[in-house]
Amino acid sequence: SRTSKVVNVHYNSYPWFYNYYDNTERSPKGSELINIGNWREGGASVSFLYPFSKWSRFELMSGFRNLKVDFGFTPEVLEFYKDYFNDTDKQLLPFIEGSNGSSLLGGVALVRDTVVGSQAGPFHGNAFRVEAIAAPPAGNKLKGYVTASAQGRIYRGLTSGGGVVFALR
């Protein structure tokens with residue numbers, strides 16, 4: 001069979017930092033960068049890869065994703081320090097926290113990758129990926145989710161020995 005199967009399990013945790021920035025003065029209001037919370041995402045997926053050629057393939061994916069964003073403060077704290085947050089912050093923070101929950105995902109991708117590598121890394125070629133992922137909301141347990149992305153990379157060797165490579169991402 002030409003179809004490959006890939007199983008992916010992941011967990012990522014990213015710290016959130018906030019520097020109180022005054023848009024009218026175009027400078028930070030304070031000198032410290034404050035760790036205010038975490039973005040945690042975990043999940044598992046199964047992908048089926050169907051090659052069109054040595055360089056191109058189609059991917060079909062299904063999986064589960066759980067997202068937990070914790071800013072470390074409540075709406076009451078946001079109101080108490082309202083002078084430190086601009087209107088965009090006040091709208092964005094509840095929106096992001098409202099994204100917490102689980103999703104059952106489905107997606108497709110088209111990939112073209114002609115990159116040739118060496119021991120030092122990629123040497124020459126192009127890579128391109130277009131992907132769309134969606135998760136329909138289901139009851140009050142599964143959140144809806146939609147994303148589309150495109151990625152491209154170009155690598156060109158600048159010397160015959162491969163010591164210098166120009167990369168455009």
Side-chain angles (χ1 to χ4, degrees), residues 1-19 21 33 35-72 88-89 91-169:
S1 172
R2 292 177 56 178
T3 305
S4 300
K5 294 136 195 101
V6 177
V7 176
N8 178 24
V9 177
H10 72 278
Y11 175 78
N12 299 310
S13 180
Y14 307 105
W16 278 85
F17 292 95
Y18 191 88
N19 188 358
Y21 190 83
L33 197 60
N35 182 354
I36 61 167
N38 288 293
W39 173 296
R40 294 182 188 94
E41 180 178 345
S45 65
V46 175
S47 299
F48 298 94
L49 288 60
Y50 182 80
F52 296 128
S53 68
K54 181 178 179 180
W55 310 107
S56 302
R57 69 180 179 268
F58 174 78
E59 297 180 7
L60 183 64
M61 174 273 245
S62 180
F64 177 80
R65 170 184 170 233
N66 183 275
L67 176 65
K68 174 64 176 147
V69 179
D70 178 19
F71 285 115
T88 303
D89 294 335
Q91 294 171 16
L92 185 62
L93 298 178
F95 174 77
I96 292 175
E97 285 185 335
S99 299
N100 288 338
S102 300
S103 301
L104 193 56
L105 308 172
V108 296
L110 186 59
V111 180
R112 176 147 174 90
D113 190 346
T114 63
V115 175
V116 177
S118 67
Q119 288 182 348
F123 174 69
H124 190 83
N126 305 319
F128 182 69
R129 178 183 183 87
V130 177
E131 178 179 70
I133 299 174
N140 59 358
K141 295 291 182 186
L142 295 176
K143 296 276 189 174
Y145 176 81
V146 176
T147 186
S149 65
Q151 304 170 21
R153 299 184 311 275
I154 299 171
Y155 298 99
R156 296 293 181 257
L158 300 177
T159 62
S160 60
V164 180
V165 176
F166 172 75
L168 179 63
R169 295 177 184 223

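Residue numbers start at 1 and run along the sequence shown.
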With sequence neighbours excluded, residues passing side-chain contact (heavy atoms from CB on, under 4.5 Å) with W39
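W39 satisfies side-chain contact (heavy atoms from CB on, under 4.5 Å) with Y14, W16, E41, L67, V69, I96 only.
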Got a sec, which residues hit side-chain contact (heavy atoms from CB on, under 4.5 Å) with S56, two or more places apart in sequence or on another chain?
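S56 satisfies side-chain contact (heavy atoms from CB on, under 4.5 Å) with F52, S53, R112 only.
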Between R40 and S13, what is the shortest heavy-atom contact and its length?
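Residues R40 and S13, closest heavy atoms: CG-OG, 3.7 Å.
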What closest approach, in Å, do A135 and L104 show between heavy atoms, and which atom pair accounts for it?
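Where A135 meets L104 most closely, the heavy atoms are CB-O, 3.2 Å.
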May I ask you to decide if V115's main-chain N or O and D113's side chain share a donor-acceptor pair within less than 3.5 Å?
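Pair found, side chain donor or acceptor close to backbone of V115.
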Okay, side chain of S103, backbone of K143: is any donor-acceptor separation there less than 3.5 Å?
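Such a contact is found between S103 side chain and K143 backbone.
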Between CG of N126 and CZ of R153, what distance do you get to the nearest 0.5 Å?
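Going from CG on N126 over to CZ on R153, the span is 10.0 Å.
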Which distance, rounded to the nearest 0.5 Å, do you find between the OH of Y155 and the OG1 of T114?
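Y155 OH to T114 OG1: 11.0 Å, rounded to 0.5 Å.
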Enumerate the salt bridge (Lys or Arg N to Asp or Glu O under 4.0 Å) contacts for residues 114-137, please, sequence neighbours excluded, ordered by first and then second residue.
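Counting only pairs at least two positions apart or across chains, the salt bridge (Lys or Arg N to Asp or Glu O under 4.0 Å) contacts touching residues 114-137 are E59-R129, R129-E131.
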Among L105, V9, N8, which residue satisfies the side-chain contact (heavy atoms from CB on, under 4.5 Å) criterion with S45?
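The single option meeting the side-chain contact (heavy atoms from CB on, under 4.5 Å) with S45 is N8.
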So, do S102 and L142 sit near enough that their side-chain heavy atoms are less than 4.5 Å apart?
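SC-SC contact between S102 and L142 confirmed.
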Would you verify whether the NZ or CZ of R2 falls within 45 degrees of the ring axis of Y50 while also being under 6.0 Å from that six-membered ring's centre?
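Checked: cation-pi criterion met.
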